[in-house]
Protein chains: 4
Amino acid sequence: MNPSSKTAPVVSSGNPLRERLRAETARSIVGAAEKVFAAQGVNAARMDDIASEAGVSVGTVYNHFEDRESLLNGLLATRRAELVANLDAALEAGGGEPFPFMLERFTSTLLEHFESHRPFFSIVIEGEHRRGFPATGRGNDAMLEVYQRVEHLMTRGLRKKALRSQGAELWPALFMGAVRGAMVHSLYDKSPARPLAERAPDLVRFFLDGAGA
Amino acid sequence: MNPSSKTAPVVSSGNPLRERLRAETARSIVGAAEKVFAAQGVNAARMDDIASEAGVSVGTVYNHFEDRESLLNGLLATRRAELVANLDAALEAGGGEPFPFMLERFTSTLLEHFESHRPFFSIVIEGEHRRGFPATGRGNDAMLEVYQRVEHLMTRGLRKKALRSQGAELWPALFMGAVRGAMVHSLYDKSPARPLAERAPDLVRFFLDGAGA
Amino acid sequence: MNPSSKTAPVVSSGNPLRERLRAETARSIVGAAEKVFAAQGVNAARMDDIASEAGVSVGTVYNHFEDRESLLNGLLATRRAELVANLDAALEAGGGEPFPFMLERFTSTLLEHFESHRPFFSIVIEGEHRRGFPATGRGNDAMLEVYQRVEHLMTRGLRKKALRSQGAELWPALFMGAVRGAMVHSLYDKSPARPLAERAPDLVRFFLDGAGA
Amino acid sequence: MNPSSKTAPVVSSGNPLRERLRAETARSIVGAAEKVFAAQGVNAARMDDIASEAGVSVGTVYNHFEDRESLLNGLLATRRAELVANLDAALEAGGGEPFPFMLERFTSTLLEHFESHRPFFSIVIEGEHRRGFPATGRGNDAMLEVYQRVEHLMTRGLRKKALRSQGAELWPALFMGAVRGAMVHSLYDKSPARPLAERAPDLVRFFLDGAGA
DNA sequence: CATGAATGAGTTTTCATTCAT
DNA sequence: AATGAATGAAAACTCATTCAT
């Protein structure tokens with residue numbers, strides 16, 4: 001499940017308790033990595049800080065992840081998998097609904113996940129614009145599957161005539177851009193009372209009808 | 001004019017030729033920094049590489065900029081100043097026009113600048129989400145003035161009833177998000193034939209009317 | 001105990017062996033620093049050389065001391081603490097003796113320490129004359145406690161009428177100057193057979209009676 | 001006269017005015033070097049700072065002195081020559097006097113010179129303890145000629161039975177040490193009103209009779 | 001397995017010296 | 001001769017990674 005984990009026995013070892021403890025440690029490290037990578041930036045984050053944050057020693061981090069790169073990839077893969085699972089569930093659940101409802105459900109799920117994993121969001125954004133980074137599946141690829149869901153959704157909207165076809169190749173990018181705009185806005189918003197996910201209807205209305213009077 | 005430059009004589013020294021050469025070198029360094037910071041990422045970029053790219057030695061870079069941070073800030077300040085000047089000119093030029101035309105003019109200017117300074121755009125994006133970064137004018141602050149123009153423009157649109165007032169506090173963020181979406185899209189577009197700035201009408205239409213049928 | 005040490009656990013960590021090894025390494029680094037700082041001069045000494053001398057890598061030096069300055073301060077603090085402890089012991093031991101004996105005991109202790117830590121002496125001297133050096137406990141401050149002992153001793157001599165009161169404010173400085181003169185002399189002496197400490201009686205006689213016939 | 005000066009025409013060029021200007025510049029540089037070397041330390045002083053202090057550009061410094069080392073040596077040589085000339089004059093003047101008077105005259109001259117060239121004093125002290133510094137005539141050598149005068153004087157005192165012969169090999173070192181003690185004391189003295197040279201009688205009395213009651 | 005001290009390659013930064021103008 | 005920008009070797013410091021305990 002975690003493609004970067006190291007020394008993980010292919011089949012569960014005889015001891016399920018040890019198994020569980022190991023997984024727990026790994027989870028803790030991933031959580032710490034998310035925090036630290038986001039707080040200090042992907043490049044500035046130090047392995048020692050991640051270890052401290054996780055409450056273990058550096059050595060232990062290396063017992064769970066081959067190297068720094070693997071840890072970052074593992075983190076992104078984990079969060080991405082969670083998000084994609086949620087999105088797929090949302091798409092599934094709203095399968096028969098009219099497009100606007102489906103879109104709102106989807107948007108809401110997206111915002112919820114980003115809100116509860118803001119650091120993940122930061123990391124993804126940081127890498128998003130970097131072209132052809134040396135030999136890693138980082139950056140955009142981290143969002144590739146999400147993008148595919150968005151594209152799928154937009155195709156559906158087009159088929160249902162809920163979306164204009166002129167300029168349609170931009171819909172996914174503009175939708176994601178708007179979502180991102182809302183996210184960034186909330187980072188600086190003075191009123192953090194309202195959960196971000198409640199913005200979903202506003203966002204959808206904007207996406208479908210625009211800001212014009 | 002360049003707040004980060006070092007040893008820059010307060011009044012032009014007696015020698016205007018030397019003066020000009022010095023400025024030329026500084027410009028060359030800033031250009032190289034833009035390229036390298038964007039290509040390798042703000043944190044991974046090495047001063048040596050920037051120097052090589054500029055065709056000078058490291059020492060020369062340090063003759064012009066106090067340190068790495070100053071170079072980055074100087075670069076951002078330079079590009080931002082150019083962009084803001086262009087935006088203000090656009091706002092000025094379209095002063096009497098109806099809102100949609102003004103918005104398109106503005107959007108077009110924004111896209112043009114980003115297109116001709118894609119690396120700058122990359123750098124700004126990279127820092128945009130990082131909160132409270134150590135006492136620098138980096139990241140979001142780099143775009144603060146641009147944001148102010150957008151807000152100003154949106155206020156105008158509202159006053160002219162060209163924009164809905166419901167959800168209006170999000171318009172600037174959503175506008176910038178959409179612009180950003182178009183930018184990122186173009187980074188991965190297979191057909192880079194059409195200049196990005198030509199997307200301005202599409203973008204404006206999307207912003208005002210949405211993607212709905 | 002060592003104010004400059006880094007990462008030093010507040011309470012001894014669970015592992016006393018590791019503890020001891022760590023301390024041993026620190027001691028080795030301090031010894032190497034003393035040698036190298038003295039041999040090459042405080043400013044010319046290179047961290048790499050100190051590391052080599054100590055038989056460790058640079059990184060290890062930095063694991064034990066925050067930076068170059070801390071290492072120097074740590075070294076001075078360590079040696080000064082040793083010296084002050086010795087001096088206090090000497091003063092204690094000679095508590096009831098007549099002043100000349102006490103002075104000789106003190107002088108002897110001073111010379112012994114300087115002889116066995118000549119490099120330390122060199123470093124102290126090098127900084128002694130520099131006024132208001134950037135916010136460090138270097139230079140004169142390194143000897144402040146020693147000076148205080150000397151002043152204390154002189155006060156005692158005055159009280160006991162063993163010293164003239166005219167020009168008394170100079171006695172500490174002149175005493176230290178004479179000690180220093182003897183030290184420097186021994187640096188260039190061709191006959192290093194006699195340990196420096198044996199000069200104590202001569203020094204005391206000079207200090208009390210002068211060089212006059 | 002200045003053994004380190006560069007490009008200095010062996011015989012005065014045809015133009016005595018230019019000659020004088022050149023010498024004036026050199027003097028100014030030496031003065032600046034004295035200040036800066038003393039203020040920042042021999043190793044930390046930067047050529048740029050010396051140039052600024054002298055009111056010329058770095059290039060000009062290099063037009064007058066081969067390199068950094070030459071500048072330092074030139075400075076030391078210049079000051080030493082002045083001091084030695086003064087000392088010799090003092091010895092000459094007091095040729096027939098009784099030893100104590102001669103000693104006082106000598107001491108006074110020494111203190112005067114150090115007082116008006118405190119920076120020089122600092123530099124000399126800084127190098128004094130460094131043994132066998134790489135291939136330079138620096139440090140102690142800077143004082144060698146002074147030491148020789150002191151030795152000469154002490155020999156005279158011995159011959160005249162004004163000084164004890166027991167422990168006589170230490171007299172020069174102890175004398176210089178006492179002078180140095182007085183100097184350092186004055187650096188930290190709260191009452192800088194009295195010129196240091198007035199301390200000469202006290203110093204001589206101490207040297208001859210000691211501090212004992 | 002966990003630990004954390006040791007390692008050393010890789011970066012930033014400084015500054016004496018050169019040289020075209 | 002004076003200038004000051006350019007040079008690049010040298011030094012301080014960082015941090016991912018290893019490995020003995």
Side-chain angles (χ1 to χ4, degrees), chain A residues 7 18 21-22 25 43-52 55-69 71, chain B residues 6-7 9 13-15 17-19 21-22 24-26 43-51 55-69 71, chain C residues 6-7 9 13-15 17-19 21-22 24-26 43-51 55-69 71, chain D residues 7 18 21-22 25 43-52 55-69 71:
Chain A
T7 342
R18 185 163 290 181
L21 286 180
R22 184 178 171 82
T25 303
N43 282 284
R46 288 166 35 211
M47 294 297 274
D48 271 349
D49 291 344
I50 293 173
S52 303
V56 298
S57 69
V58 233
T60 299
V61 175
Y62 279 88
N63 283 336
H64 286 261
F65 296 89
E66 182 73 23
D67 57 18
R68 196 176 183 282
E69 192 68 25
L71 174 56
Chain B
K6 210 178 121 190
T7 338
S13 81
N15 195 332
L17 171 58
R18 204 167 252 187
E19 196 77 343
L21 288 178
R22 187 182 166 82
E24 190 47 53
T25 303
N43 286 285
R46 287 169 30 221
M47 294 299 273
D48 271 351
D49 291 343
I50 293 173
V56 298
S57 70
V58 229
T60 298
V61 175
Y62 281 91
N63 282 340
H64 287 261
F65 296 90
E66 186 74 23
D67 56 17
R68 202 176 178 285
E69 189 72 22
L71 174 54
Chain C
K6 209 177 122 191
T7 337
S13 79
N15 196 333
L17 170 58
R18 205 167 252 186
E19 196 78 344
L21 288 179
R22 187 182 167 83
E24 189 47 53
T25 302
N43 285 284
R46 287 167 32 219
M47 295 298 274
D48 271 352
D49 291 343
I50 293 173
V56 298
S57 70
V58 230
T60 298
V61 176
Y62 282 92
N63 282 341
H64 286 262
F65 296 89
E66 185 73 22
D67 55 18
R68 202 175 177 284
E69 190 71 23
L71 175 54
Chain D
T7 344
R18 185 162 290 180
L21 286 178
R22 185 182 169 80
T25 303
N43 283 284
R46 288 166 34 209
M47 294 298 274
D48 271 349
D49 290 344
I50 293 173
S52 303
V56 298
S57 70
V58 233
T60 299
V61 175
Y62 279 89
N63 284 336
H64 286 260
F65 296 89
E66 183 72 23
D67 56 19
R68 196 176 183 281
E69 192 69 22
L71 174 54

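Here is how names work: the chains are called A, B, and so on, in the same order as the sequence lines, proteins then strands, and each is numbered from 1. Treat the numbers as computed from the prediction; the structure is a model and nothing was measured.
- The CD-P distance, from B:Glu19 to F:dT3, rounds to 16 Å in whole Å.
- A close approach under 4.0 Å does not occur between any side-chain nitrogen or oxygen of B:Thr25 and OP1 or OP2 of F:dA5.
- At F:dA5, none of the side-chain N or O atoms of B:Thr60 fall inside 4.0 Å of OP1 or OP2 (strictly under the cut-off).
- Partners of A:Val61 by side chain to side chain contact (heavy atoms under 4.5 Å, CB included), not counting sequence neighbours, listed by chain and number: A:Ile29, A:Met47, A:Ala51, A:Val56, A:Leu71.
- Base pairing in DNA chain E yields stems of at least 3 consecutive Watson-Crick or G-U pairs, both distances under 3.5 Å, namely E:2-21 with F:2-21.
- Rounding to the nearest 0.5 Å gives a distance of 8.0 Å between OG1 of B:Thr25 and CZ of B:Arg22.
- OP1 or OP2 of E:dA6 sits under 4.0 Å from a side-chain N or O of C:His64.
- Rounded to an integer number of Å, the gap from CZ of B:Arg22 to P of F:dG4 is 11 Å.
- The main-chain N or O of C:Ala45 is found under 3.5 Å from a side-chain atom of C:Arg68 such that the two form a donor-acceptor pair.
- Here the straight-line distance linking atom CZ of D:Phe65 with atom CD1 of D:Ile50 works out to 10.0 Å at 0.5 Å rounding.
- Here E:dT14 presents its P atom at 15 Å from CZ of B:Phe65, a figure rounded to the nearest Å.
- For the pair A:Asp49 CG and F:dA16 C1', the computed distance is 13 Å after rounding to whole Å.
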Just by protein heavy atoms under 4.0 Å, how would nucleotides 16-21 of chain E read 5' to 3' in B, S and -? SBB-BS
